[in-house]
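Contents: one structure, followed by commentary.
Below, each value reflects all heavy atoms present in this structure, side chains not excepted, and no hydrogens, waters or symmetry copies. In each ligand, atom 1 is the first atom listed, and ligand 1 is the first ligand listed.
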Amino acid sequence: MRKVTIVNLAEAKVQKQPITMVTAYDATMAKIADDAGVDTILVGDSLGMVIGGRDNTLEVTLEEVAYHCRAVRRGASRPFLVADMPFMTYQTSTDEAVRHAGYLVRRGRAEAVKLEGGESIVEQVAAIVAAGIPVVGHVGLTPQSVHAMGGFKVQGRHQAAADRVLLDARAVVEAGAFMVVLEGIPKELAARITHDLAVPTIGIGAGVGCDGQVLVCTDLLGMNPDFRPKFVRQFMQGYDLMRSAFESYVGAVRARSFPNDSESFSSPAAGERKAVGDKVTRLY
Ligand code: KIV
């Protein structure tokens, strides 16, 4: 399969081919997503919750995103790679926004950065785009504004709020964003925005009328039994499968049935040293 570029993503909208995006935070998960044919990987600041066990995304740092992004790039070279700009790395000034976006491209090897917000961040979006870095917008439910929204709540349910989300989406696209994530908005509004914009929309909790969909990898793999919001489909019962694998391992170690002889190395018998050919490719 060919490397996915920004050009392919734009073409997908024109050709009405749904775009697939997942989050990933490490090389192992990224390789699986790549092998499965995912178009684009997002190193989301959701890593603060998924990897860090935090309650929200606000504490995530630029260095953390760059570290995980680099790991993802090592595991997956074909999908288009987007890195989230963490809270307060772009809101304060255009200079900081450009410098920090550049850091994610240089250190994280990202191909684009994602910023949350609408009209309030158009200068930052335009400056980053002018620096040659593609920008993905993110409107609707914007988790970095969790306190301003009074929680992780669906946005744009009423007419004035819906118009606000549409204007925000238009504003970031006019500033140069080449793609926009629509999160936590009614499906009718998402379809309207998707129809209105010339660039692809990627939905999460925004219904089927978007140009593509994104899910957090651990959600679609069903790895967190305590998190089952309406918009998530679990494509695997990951928690149950993984827990039972860990239980089998614990049982095998306690029963001394792991490791068995074929999983163990032997010392060469005296005089047989030349015949020893055990090849160890990865020994911790
Ligand atoms: O941080 C993230 O993973 C995201 C997606 C949920 C869109 O922003």
Side-chain angles (χ1 to χ4, degrees), residues 9 18-26 29-30 33 38-62 64-69 71-72 76 79-91 100-101 104 108 110 112-118 121 125 135-146 149 151-156 165 168-169 172 177-185 190 193-194 199-207 210-221 223-224 227-234:
L9 298 173
I19 298 168
T20 54
M21 178 190 263
V22 295
T23 70
Y25 316 102
D26 62 63
M29 191 72 85
V38 158
D39 299 313
T40 151
I41 294 183
L42 169 67
V43 181
D45 58 2
S46 51
L47 72 85
M49 301 166 86
V50 176
I51 306 291
R54 297 167 183 145
D55 290 339
N56 57 49
T57 59
L58 302 181
E59 284 176 52
V60 172
T61 66
L62 200 67
E64 283 176 318
V65 174
Y67 171 84
H68 287 279
C69 199
V72 164
F80 189 80
L81 182 57
V82 181
D84 255 351
M85 293 197 68
F87 181 55
M88 283 301 138
T89 62
Y90 58 95
Q91 287 91 344
H100 292 152
L104 291 176
V113 294
K114 177 164 78 60
L115 283 68
E116 295 181 10
I121 57 151
V125 172
V135 168
V136 180
H138 183 157
V139 300
L141 194 171
T142 46
Q144 291 176 15
S145 310
V146 59
M149 293 181 302
F152 297 108
K153 293 184 176 155
V154 173
Q155 303 293 301
V165 179
D168 278 339
V172 290
F178 78 95
M179 193 155 81
V180 182
V181 167
L182 306 178
E183 178 165 359
I185 58 173
I193 296 173
T194 300
V199 304
T201 60
I202 306 290
I204 174 163
C210 303
D211 295 308
Q213 299 291 329
V214 57
L215 278 179
V216 167
C217 55
T218 47
D219 291 345
L220 79 88
L221 297 174
M223 287 168 68
N224 183 353
F227 187 67
R228 281 215 69 169
K230 181 181 170 73
F231 64 88
V232 167
R233 184 184 299 177
Q234 296 186 344

Run the side chain to side chain contact (heavy atoms under 4.5 Å, CB included) test on Thr194 and Leu182 for me, step by step, so that the C-alpha distance in whole Å, both residues' side-chain angles and the decisive distance to 0.1 Å come before the verdict. CA-CA 9 Å; Thr194 300; Leu182 306 178; 4.0 Å; yes
Please could you name the atoms of ligand 1 that [X] approaches to less than 4.0 Å, counting only its heavy atoms?
X      : result
Asp45  : 1 (O)
His138 : 8 (O)
Ser46  : 1 (O), 2 (C), 3 (O)
Gly44  : 1 (O), 2 (C), 3 (O)
Asp84  : 1 (O), 2 (C), 8 (O)
Thr23  : 3 (O)

Would you indicate whether Phe178, at its atom CZ, is surrounded by more than 12 heavy atoms from other residues, nucleotides or ligands within a distance under 6.0 Å?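 More than 12 heavy atoms, drawn from other residues, nucleotides or ligands, come within 6.0 Å of this atom.
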Going through the checks in order, is the side chain to side chain contact (heavy atoms under 4.5 Å, CB included) test met by Val181 and Glu116? CA-CA 9 Å; Val181 167; Glu116 295 181 10; over 6 Å; no
Contact check, Met21 vs ligand 1, heavy-atom distance below 4.0 Å: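 In this structure, Met21 fails to qualify as a contact of ligand 1 - no heavy atom is under 4.0 Å.
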Among the heavy atoms of Glu116, does any lie under 4.0 Å from an atom of ligand 1?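 No, that is not the case, since the closest heavy atom of the residue is not under 4.0 Å from the ligand.
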Verdict with supporting geometry, Gln213 and Arg233, side chain to side chain contact (heavy atoms under 4.5 Å, CB included): CA-CA 12 Å; Gln213 299 291 329; Arg233 184 184 299 177; over 6 Å; no
Among all protein non-hydrogen atoms, which one is nearest to atom 5 (C) of ligand 1, and what is the separation to 0.1 Å?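 Here the closest protein heavy atom is Leu42 CD2, 3.6 Å.
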Inter-residue atom distance [X].[atom1] - [Y].[atom2], 0.5 Å rounding:
X      : Y      : atom1 : atom2 : answer
Asp45  : Thr61  : CG    : OG1   : 11.0 Å
Asp168 : His138 : CG    : NE2   : 11.5 Å
Gln91  : Met85  : CD    : CE    : 8.5 Å

Considering only heavy atoms, does Ile202 approach ligand 1 within less than 4.0 Å through its side chain, its backbone, both, or neither?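 Answer for Ile202: neither.
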Leu47 contact mode with ligand 1 (heavy-atom cut-off under 4.0 Å):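 Neither; nothing of Leu47 gets under 4.0 Å from ligand 1.
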Closest to atom 6 (C) of ligand 1 among Ile204, Asp219, Val82 (heavy-atom distance):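 It is Ile204 whose heavy atom sits nearest to atom 6 (C) of ligand 1.
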Is there any N or O on Lys114 that sits under 3.5 Å from an N or O of ligand 1?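 Yes: some nitrogen or oxygen of Lys114 is under 3.5 Å from one in ligand 1.
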Carboxylate-amine/guanidinium proximity below 4.0 Å for Arg54 and Glu64: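 Salt bridge flag = yes for Glu64 with Arg54.
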Run the side chain to side chain contact (heavy atoms under 4.5 Å, CB included) test on Phe80 and Asp39 for me, step by step, so that the C-alpha distance in whole Å, both residues' side-chain angles and the decisive distance to 0.1 Å come before the verdict. CA-CA 6 Å; Phe80 189 80; Asp39 299 313; over 6 Å; no
